[in-house]
Enquirer: 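Structure below; questions to follow.
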Amino acid sequence: MKSKLLVILLGFVILSACTSPPKVMEYNKGISIVPKPNSLQVNKGQFQLNAKTVFVIEQEELRNVIAFFQSKMKTSTGFDLAVKKEAESAITVRLNRELKTGEEGYTLKASTKGVLVEGKSFKGVFYGLQTLLQLFPAEIESTELVEDINWSIPAVEINDEPRFKWRGMHLDVCRHFVPVENIKKHLDMMAMFKMNTFHWHLTEDQGWRIEIKKYPLLAEIGSKRKEGEGHEYGGFYTHEQVKDIVAYAADRMIDVVPEIELPGHALAALTAYPEYSCTGGPFKVRKIWGVEADVYCAGKEETFKFLEDIIEEVVELFPSPYFHIGGDECPKSRWEECPLCQKRMEKEGLADEHELQSYFVKRIEKILVSHGKKMIGWDEILEGGLAESAAVMSWRGEKGGIEAATHGHDVVMTPGNWCYLDHYQGNNEVEPVAIGGYTTLEESYSYEPVPEKLDSKMAKHVLGTQGNVWSEYMYTQELIEYRVYPRIIALAEVNWTQKGLKNYEDFLKRMDNQFVRMDLHDVNYHIPQPEGPFNQVVFVDSVNIEFSTTRPVKMIYTLDGTEPNAKSKVYNEPFVFTDNANIQIACILNTGKMGKIRKIELKKQNYVLGKKVATSNQGLKEKYAEGNFIRVADIEKVTNWENRQPEKEVKSKKKKGRSSAYLQPSASVYTGYIEIFDDGVYEFNTNIDQFYLDGKLLVNNDGEVKRFSRNNASVALGKGKHEVKLIYLNNIIGGWPQSWNGPVIKMRRAGEKKFKKLTKANYAY
Ligand code: ACM
Ligand code: ZN
């Protein structure tokens, strides 16, 4: 009986699978090409891909370009699209030099009968075929066979070409290393969104990441640093790996521009070869973020020979016409004190160290020109006079770019406000720690690479824009992806699509389909988090809790302690609570993918009564011990605490400078009272390790990177004195020295906008 039922049921399932057409997912409806093509007309009908479809290529050389798409389409559709000279149902691909587009332009015509993709160049053909992929259901990007899907595309006519030549992504692999496989993943994404320049930042104060055979210590010594936590960190690319990446990029029409930083950001190189510094060293590869004072010596001829040898090896590996020499953030303090640098200035008639920087860069330019390369550098290369053939990457706003373009130099516009993908893209209270800044997806999308000040002739020098990915606070590959995507895709559209056709809402709509494609590549793109309250909120009578997001996304929530899912209630309006509650809330994309769940604990409290203790001193008592304590538990073993009088001010020690010298690892425990003058709910913000109030742990940052704490908390305090304890470990976690914060606590009354720093006058003991 049972088996009979099973047979009937199975029969029903098979029958219904055969008869009903495959369901079209919402994100596959309509056309979602990103970047948006410059002209698109939708016609009647559709082109159906099937097992008999073939590629017809008009020029034999197109075989290589086609191979990329054959392989991808075979994987997801299972159709092995043969290449033929002619056929009935075909995707015809043609190189057509007569096409009325720019060099990278293409046209695509799809009808019920077939598809014709024409490119002005191989690049054009490649982009035309990328557009073709984007016309298919998103599942075309699947890395496994997808069944039960209709592989058809709408009949369309597309004429398309990029607005800008330089559609870039920069990646700093020095602060954190990116393995070859992950770089390839980024290159896949770049290709999907028609980007063509990978700017590979290979050398830094914190690590040298490319093998140089003539100077083996660069990789052997320069690629490794000892982290503040005590372990070794390293990684570099061999010549073979570099060639592999360059070839992989070339298959995707991407140029790889190497960056070898000079004259600053060179401590890793100088650790390996201190003889090319002003002081002679010895050095250690920098373990904290920020800029090192020791740079290449501009007075020694040997420095230039060293760099010439390196350049000679590097240019062999990179066919790209451009070579990036860095040039940014070069402190001049060593040059000011170095007799050889001073002698050079005198001999060359240089007025100051800025002109010495210009002299340095111009000598490097000559070397690059002799290798047939075009030099590009950060906008500081304008200092003291720009080298004749140099192109400029404008990062400190747009000023450098405007100046360079005005004088006829090519520029790539990458100002921080729009293009720095290491910036926060949401509130720092909920986002993983970042370097600072605030650049939402919408802001990146809104960037206009041609500054208004440039007339049309000067504007021609704007090559395009790129997203810059500085990896200090990108501790994992997932975090890099989280910061890069989808902001880089917004910049891809800025670079490709004519200004007048851009529309943010429309972009967001088209992104639903792209998110599915990225899911199929396992890309950890950013999904906004509900923002507003801290994770711990205290109230006395009732509390209003309101959430917002950085872009329009649905929020779903529960109040019963379970995790929200697609069926959970949708957040539409602020909550009002009069009792304890637990909110779990997350954003959910139209594709059904959910972001990180936030858990918010709401506690109804009575005012904790203040004490009436007698105190005779302002400030806090401090006990102090030297040693590298990473976690709070590590101080349990301290037996020799030294008692200290309160500092003049419990405040940031930033002013003492950000040199490595100020990094004596230690622990301090501060105790005393804080005086509260009015009953109220108070919110506390601090980056110290732990903050106790009235004997209870209120803010706990133990073990975290101690910037922009994610652990703010509130408490209901009655008038009077309240006991405080601050545990402050002067250590380095994740490259950030706690000493750059100082033992600072900030406080505000609930409802106030600004936190105020507590000073000695707020404390007593
Ligand atoms: C830079 O961000 N220092 C170019
Ligand atoms: Zn010097």
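Numbering of ligands and ligand atoms starts at 1, following listing order. Sequential numbering from 1 along the given sequence is applied to the chain's residues.
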Enquirer: The test is ring-ring contact (aromatic ring centres under 6.0 Å, His included); show your working for H201 and W470 and say whether it passes.
Expert: CA-CA 9 Å; H201 184 84; W470 299 102; 4.7 Å; yes
Enquirer: Walk me through whether T550 and E531 qualify under side chain to side chain contact (heavy atoms under 4.5 Å, CB included).
Expert: CA-CA 8 Å; T550 50; E531 299 179 359; 3.5 Å; yes
Enquirer: A quick test of your reading: do over 12 heavy atoms of other residues, nucleotides or ligands sit less than 6.0 Å from NZ of K184?
Expert: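 Counting other residues, nucleotides and ligands, NZ of K184 exceeds 12 neighbours.
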Enquirer: I'd like to know if R225 pairs up with E232 as an ion pair, taking the criterion as any Lys NZ or Arg NE/NH1/NH2 lying under 4.0 Å from an Asp or Glu carboxylate oxygen.
Expert: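 Judged by the 4.0 Å cut-off on N to carboxylate O distance, R225 and E232 do not form a salt bridge.
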Enquirer: Could you go through the ring-ring contact (aromatic ring centres under 6.0 Å, His included) check for H324 and W200 one step at a time?
Expert: CA-CA 9 Å; H324 202 299; W200 201 1; over 10 Å; no
Enquirer: Could you check ligand 1 for N or O atoms lying under 3.5 Å from protein N or O atoms and list the pairs with distances?
Expert:
{"from": "ligand 1", "atom 1": "2 (O)", "to": "Y420", "atom 2": "OH", "distance (Å)": "2.6"}
{"from": "ligand 1", "atom 1": "3 (N)", "to": "D328", "atom 2": "OD2", "distance (Å)": "2.6"}
{"from": "ligand 1", "atom 1": "3 (N)", "to": "E329", "atom 2": "OE1", "distance (Å)": "3.2"}

Enquirer: Please tell me whether W395 and E380 have a donor and an acceptor in their side chains that are separated by less than 3.5 angstrom.
Expert: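 Yes, because at least one side-chain N or O of W395 sits under 3.5 Å from a partner of the opposite role on E380.
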Enquirer: Determine whether Y296 and F304 satisfy the following criterion, ring-ring contact (aromatic ring centres under 6.0 Å, His included), listing intermediate values before the conclusion.
Expert: CA-CA 9 Å; Y296 291 119; F304 292 96; 9.2 Å; no
Enquirer: E493 and Y504: side-chain donor and acceptor closer than 3.5 Å?
Expert: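 Not at all, the side chains of E493 and Y504 share no donor-acceptor pair under 3.5 Å.
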Enquirer: Please report the number of protein N, O or S atoms that lie less than 2.8 Å from the Zn ion (ligand 2).
Expert: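 With waters ignored, the protein N/O/S count below 2.8 Å is 4.
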Enquirer: Charged N to carboxylate O under 4.0 angstrom, R483 versus D422?
Expert: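 Answer for the salt bridge query: no.
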